[in-house]
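Structure, as structure tokens:
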Amino acid sequence: MTVTRIAPSPTGDPHVGTAYMSLFDYIFAKQQGGTFILRVEDTDQKRYQPEAEARVLAALSWLGLEPDESPATGGPNAPYRQTERKQIYAEHARKLLEEGKAYRAFETTEELAAIREELQRKGLGYGYDGRGRTVPKDESERRAAAGEPFAVRLITPDEGETVVHDLLRGVVRIPNREVPDMVLLKSDGLPTYHLAVVVDDHLMRVTHVVRGEEWLPTAPIHVLLYKAFGWPEPVWIHMPVLKNAVGKKLSKRKDDTNLESYRRQGFLPEALLNYLGTMGWSMPDGREFFTVDEMIQNFSFERVSLGGSIFDLKRLRHYNAKYLRELPVTKLAERVEPFLREAGYRWDDEDYLLDVLDVLRPRAETLTDFTEHGYFFTESFSYTADARKKLRGGQEYLEGLERAFARLESFDEDSIEDTINDYVQRQSGLKKGAVLQPLRAALTGTTHSPGMTEVVSILGRSRVLSRLGRALTAITEGLPDDKPDKLPKDRGDQSSGEEAVKKGEAV
RNA sequence: GGCUCCUUCGACUAGCGGUUAGGUCACCACUCUUUCACAGUGGCGACACGGGUUCGAAUCCCGUAGGAGUCACCA
């Protein structure tokens, strides 16, 4: 039975790296008919954040990577929070102590810092010299009994090497002199990661440890611990890390690693997952767009590439756009609606919304992009500087179109198209754009929008006529709330009535 | 700096001894066109370097260089 696990620590925002590892944990477990466990590694009391656990759970749930066992679902291996398993680690540490495989270390933080400094100075690449080993057993017992704080450290070999059999990299050999006597149990009684993972992974029968490459240097400690306990090792799989634009490991300080942020920015979970799936892994047939189910069908660790991929937002956007375009429009509406409401927009009926989304989506990459066309949802939009320029030269055409639209019997796309074409033809030598750009400016307040026939048709006659009227008024009188154009005077044209309206005010 | 991992177009990658080194994003051009997009066509663009092994190396081996990760009573 295959068991994988993700072990996030509740210390901050839900991290995209957690989603990345979870994806592989999840698909591999599903493919093997196994289970995927989420275990909370909350042994660092200093960095602990109360809401973080719920947020990771929610983020994974948003992505659809539901664990079979977790603090929320419970399960046969409960509890799933390490602080609630404190006793288990203490017992295991004691066992190692009794068997002489570990020892108590009484150094203070200051002493440790001094030791570390000296080792660094000698050019040795680790932080502890193992001096606690020399404390006699009876003295160790006595000081512990007297209440002196101590940590429990693992005795690691001084010579030779420890080999880690990594599924992706083969045999990795690390000289034992590089493996210090790591702390297993902290003086606060809680375990370090090293003790806790090993104990939990063993007890929870985890068969495949899939984790980031940053764990490779400490993997020998874990191997040594499995040996010390006499337990069989799991399969070690150290995945490449996600990198940022400069090729460094993604960091929450410098990069946007918050899953909630991607959600807010209007990324679809299925698109994010697909994108993540192409980072370091590829479909056997080279397909670049695939679902989680398809990934489950085709996954194998053999096709993992080890380079470490750069997380490229542009490419993510491309994936998102693709998914946006292929969603049935009613489904799309469900996704977009919260964003639209958030922006304060309203619409009369669902059909109207569907029509709008349909014409907008070829140019949308994220759900938030739909909110940038507020003119579909409100009359109180402003005119951009470019739009105002178009309005200035278009007064005559707008009046003509206003009359033509008013006269139209049936306000459908074909009639609208014919009307516009007829009008353009009657103005001899006129280019279509000369008419349509002012119309676009009047109806949308911008110079970029879907096709005018579609926009006119979707908005409907009354809105179109009223907007034309409003634009005409603006051209002749200027808007009451106009502010002076901050550009140094447009040369040539009479900019008397036309002033800037701040772009961002369009609501 | 020590140790470890990694190395194909700017980016994501295919390739697992014999290919004009393929695809996608980005970029550029063209087509479509009322704008912006979408779509379509084309273009630019890579095997880090040096040695081997072999009839033959992007593919195997060894060096070098570069990049990354890690060196806590954090995970």
Side-chain angles (χ1 to χ4, degrees), chain A residues 7-11 41-47 105 107-109 112-113 116 119-120 122-128 149-153 164 166 168-169 172-175 177-180 182-194 196-197 211-220 238 240-241 243 245 247-249 275 278-289 302-303 305-312 314-319 321 325 359-365 386 390 420 424 431-441 444 446-453:
Chain A
S9 52
T11 53
E41 313 234 329
D42 56 350
T43 55
D44 186 348
Q45 309 211 292
K46 291 175 218 80
R47 294 196 306 153
E107 288 79 18
T108 63
T109 313
L112 252 18
R116 198 174 307 132
L119 288 171
Q120 293 286 2
K122 286 184 185 163
L124 296 169
Y126 50 87
Y128 187 67
F150 63 87
V152 176
R153 285 182 184 268
V164 179
D166 182 271
L168 305 176
R169 300 151 211 271
V172 178
R173 303 169 180 280
I174 285 113
R177 66 184 147 75
E178 292 291 325
V179 185
M182 291 299 292
V183 169
L184 263 22
L185 208 61
K186 300 182 270 187
S187 55
D188 65 2
L190 285 167
T192 57
Y193 171 85
H194 308 296
V197 249
R211 63 195 346 180
E213 190 182 355
E214 68 266 28
W215 293 108
L216 196 50
T218 48
H238 292 92
V241 292
K243 301 195 282 197
K248 298 266 171 43
K249 188 174 83 160
Y275 175 65
T278 65
M279 305 294 276
W281 186 76
S282 59
M283 271 284 195
D285 64 2
R287 248 180 304 169
E288 319 216 298
F289 291 95
E302 280 181 22
R303 298 192 61 81
S305 56
L306 296 174
S309 333
I310 290 175
F311 190 89
D312 178 11
K314 281 230 183 90
R315 197 170 165 85
L316 207 210
R317 295 181 74 86
H318 168 74
Y319 273 80
R325 272 179 258 128
V359 298
L360 245 29
R361 70 161 141 190
R363 59 218 90 208
E365 289 189 314
D386 285 344
K390 297 295 181 185
I420 293 172
V424 172
K431 284 177 70 181
K432 214 172 169 183
V435 174
L436 288 173
Q437 277 301 74
L439 177 62
R440 170 169 285 114
T444 70
T446 72
T447 50
H448 311 305
S449 83
M452 285 323 293
T453 312

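Bear in mind the structure is a predicted one, so any value in this text is a computation, not a measurement. Letters go in sequence order (proteins before strands), and every chain restarts at 1.
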Query raised in the report: Using atom C1' of each nucleotide, how far apart are B:C47 and B:G66 to the nearest Å?
Result: 16 Å

Query raised in the report: Choosing from B:C74, B:A14, B:C5, which nucleotide comes nearest the side chain of A:Ser305?
Result: B:A14

Report task. Could you check A:Glu41, A:Lys46, A:Arg47 and say which one makes a side chain to side chain contact (heavy atoms under 4.5 Å, CB included) with A:Thr11? Result -> A:Arg47

Query raised in the report: Whole Å only: how far is the CD atom of A:Glu214 from the P atom of B:A72?
Result: 16 Å

Query raised in the report: Does any nucleotide pair with B:A68 by Watson-Crick or G-U wobble geometry, both distances under 3.5 Å, and what is it?
Result: B:U4

Query - Under-4.0 Å side-chain N/O to phosphate OP1/OP2 contact, A:Ser282 with B:A14 - result: yes

Requested in this report: Apply salt bridge (Lys or Arg N to Asp or Glu O under 4.0 Å) to A:Asp166 and list each qualifying residue two or more places apart in sequence or on a separate chain.
Outcome: A:Arg169

**Report entry** Polar side-chain contact A:Ser187-B:C73 base: donor and acceptor under 3.5 Å
**Finding:** yes

Query raised in the report: Listed by chain and number, what are the salt bridge (Lys or Arg N to Asp or Glu O under 4.0 Å) partners of A:Arg363, not counting sequence neighbours?
Result: none

Report task. Under a 3.5 Å limit for both distances, which nucleotide forms a Watson-Crick or G-U wobble pair with B:U19, could you say? Result -> none

Query raised in the report: Taking the six-membered ring for Trp, are A:Tyr319 and A:Phe289 parallel (under 30°), tilted (30 to 60°) or perpendicular (over 60°)?
Result: tilted

Report summary line: Paired to B:C9 by Watson-Crick or G-U wobble criteria (both distances under 3.5 Å) is none

**Report entry** Interatomic distance, A:Glu213 CD vs B:A75 P [rounded to whole Å]
**Finding:** 21 Å

Can you give each donor-acceptor pair under 3.5 Å made by side-chain atoms of residues 182-189 of chain A, sequence neighbours left out, with the distance rounded to 0.1 Å?
residue  : atom : partner  : partner atom : Å
A:Lys186 : NZ   : A:Thr43  : O            : 2.8
A:Asp188 : OD1  : A:Leu190 : N            : 2.9

Query - Euclidean distance for P, B:U64 against B:U4 (whole angstrom) - result: 13 Å

Query - B:U33 pairs with, by Watson-Crick or G-U criteria that keep both distances under 3.5 Å - result: none

Report summary line: Rounded to whole Å, the CG-C1' distance (A:Leu316 to B:C12) equals 12 Å

Query raised in the report: Is any side-chain nitrogen or oxygen of A:Thr43 closer than 4.0 Å to OP1 or OP2 of B:A75?
Result: yes

Query raised in the report: What about A:Arg363, does its side chain sit under 3.5 Å from the base of B:C38 through a donor-acceptor pair?
Result: no

Quick one: which protein N/O atoms are closer than 3.5 Å to N/O atoms of nucleotides 21-23 of chain B? Pair and distance per line, please.
residue : atom : partner  : partner atom : Å
B:G23   : N2   : A:Glu288 : OE2          : 3.0

Query raised in the report: Could you state the CZ-P distance from A:Arg361 to B:C38, rounded to the nearest angstrom?
Result: 15 Å

Query raised in the report: Can you check whether A:Thr109 has a side-chain N or O nearer than 4.0 Å to OP1 or OP2 of B:C73?
Result: no

Query raised in the report: When you compare B:C28 with B:C71, how far apart are their C1' atoms, in angstrom units rounded to a whole number?
Result: 46 Å

Query raised in the report: When rounded to the nearest Å, what value does the distance between C1' atoms of B:C32 and B:U41 take?
Result: 11 Å

Report summary line: Quick note, A:Arg325 side chain, CB onward, closest among B:C5, B:C12, B:A39 is B:A39

**Report entry** Residues forming a salt bridge (Lys or Arg N to Asp or Glu O under 4.0 Å) with A:Glu107, sequence neighbours excluded
**Finding:** none

Requested in this report: Measure from the side chain of A:Arg116, starting at C-beta and using heavy atoms only, and say which of B:C12, B:A75, B:C73 lies closest.
Outcome: B:C73

Report task. Could you check A:Arg169 against A:Asp312 and say which one's nearest nucleotide on RNA chain B is further toward the 5' end? Result -> A:Arg169

**Report entry** Closest nucleotide among B:C5, B:C3, B:A75 to the A:Ser9 side chain
**Finding:** B:A75

Report summary line: Of A:Leu216 and A:His318, the one whose closest nucleotide on RNA chain B sits nearer the 5' end is A:Leu216

Query raised in the report: Nearest to the side chain of A:Ile174, which nucleotide is it out of B:U13, B:U34, B:U4?
Result: B:U4

Query raised in the report: Side-chain N or O of A:Lys186 less than 4.0 angstrom from OP1 or OP2 on B:C73?
Result: no

Report task. Give a yes/no answer on whether the side chain of A:Lys243 brings an N or O atom under 4.0 Å of OP1 or OP2 in B:C6. Result -> no

Report task. Please confirm whether the backbone N or O of A:Thr446 pairs with a side-chain atom of A:Thr444, one donor and one acceptor, at under 3.5 Å? Result -> yes

Query raised in the report: Rounding to a whole Å, what distance do you find between A:Lys46:NZ and B:A75:C1'?
Result: 12 Å

Report task. Can you tell me, in whole Å, how much space there is between the P of B:A48 and that of B:U33? Result -> 45 Å

Query raised in the report: Is there a side-chain polar atom (N or O) of A:Arg303 under 4.0 Å from OP1 or OP2 of B:G15?
Result: yes

Report task. Determine the Euclidean distance between corresponding C1' atoms of B:C38 and B:G45; express it in Å to zero decimal places. Result -> 25 Å

**Report entry** Proximal nucleotide (of B:C3, B:C5, B:U34) relative to the A:Val172 side chain
**Finding:** B:C5

Query raised in the report: Is any side-chain nitrogen or oxygen of A:Lys390 closer than 4.0 Å to OP1 or OP2 of B:C36?
Result: no

Query - ring pair (Phe, Tyr, Trp, His ring centres under 6.0 Å) against A:Tyr128, all qualifying residues, sequence neighbours excluded - result: none

Report task. Grab the CZ-P distance between A:Arg211 and B:U70 for me, whole Å please. Result -> 13 Å

Query - Closest nucleotide among B:A14, B:A37, B:C12 to the A:Pro362 side chain - result: B:A37

Requested in this report: Apply side chain to side chain contact (heavy atoms under 4.5 Å, CB included) to A:Arg287 and list each qualifying residue two or more places apart in sequence or on a separate chain.
Outcome: A:Met283, A:Asp285, A:Glu294, A:Asn298

Query raised in the report: Among pairs that include at least one residue of residues 431-440 of chain A, which meet salt bridge (Lys or Arg N to Asp or Glu O under 4.0 Å), considering only residues two or more places apart or in two chains?
Result: A:Glu417-A:Lys432

Query raised in the report: Now, which nucleotide makes the Watson-Crick or G-U wobble pair with B:A58, with each of the two distances under 3.5 Å?
Result: none

Query raised in the report: Using atom P of each nucleotide, how far apart are B:C62 and B:U70 to the nearest Å?
Result: 26 Å

Query raised in the report: A:Arg47 CZ to B:A72 C1': how many Å, rounded?
Result: 11 Å

Query raised in the report: Applying a 3.5 Å limit to both distances, which nucleotide forms a Watson-Crick or G-U wobble pair with B:A14?
Result: none

Report task. Grab the CD-P distance between A:Gln45 and B:C74 for me, whole Å please. Result -> 10 Å

Requested in this report: Establish, with yes or no, whether the OP1 or OP2 oxygen of B:A68 is under 4.0 angstrom from a side-chain nitrogen or oxygen of A:Lys248.
Outcome: yes

Report summary line: Of the listed B:G2, B:C6, B:A11, the closest approach to the A:Ile310 side chain comes from B:A11

Between the protein and nucleotides 28-31 of chain B, which nitrogen or oxygen pairs are less than 3.5 angstrom apart?
none

Requested in this report: Establish, with yes or no, whether the OP1 or OP2 oxygen of B:C73 is under 4.0 angstrom from a side-chain nitrogen or oxygen of A:Arg153.
Outcome: yes

Query - B:G22 versus B:A46 - spacing of their P atoms, nearest Å - result: 11 Å

Query raised in the report: Is A:Tyr275 reaching over with its side chain to a backbone N or O of A:Asp312, donor-acceptor style, under 3.5 angstrom?
Result: yes

Requested in this report: Look through every strand shown and name the nucleotide pairing with B:C73 as Watson-Crick or G-U wobble, where both distances are under 3.5 Å.
Outcome: none

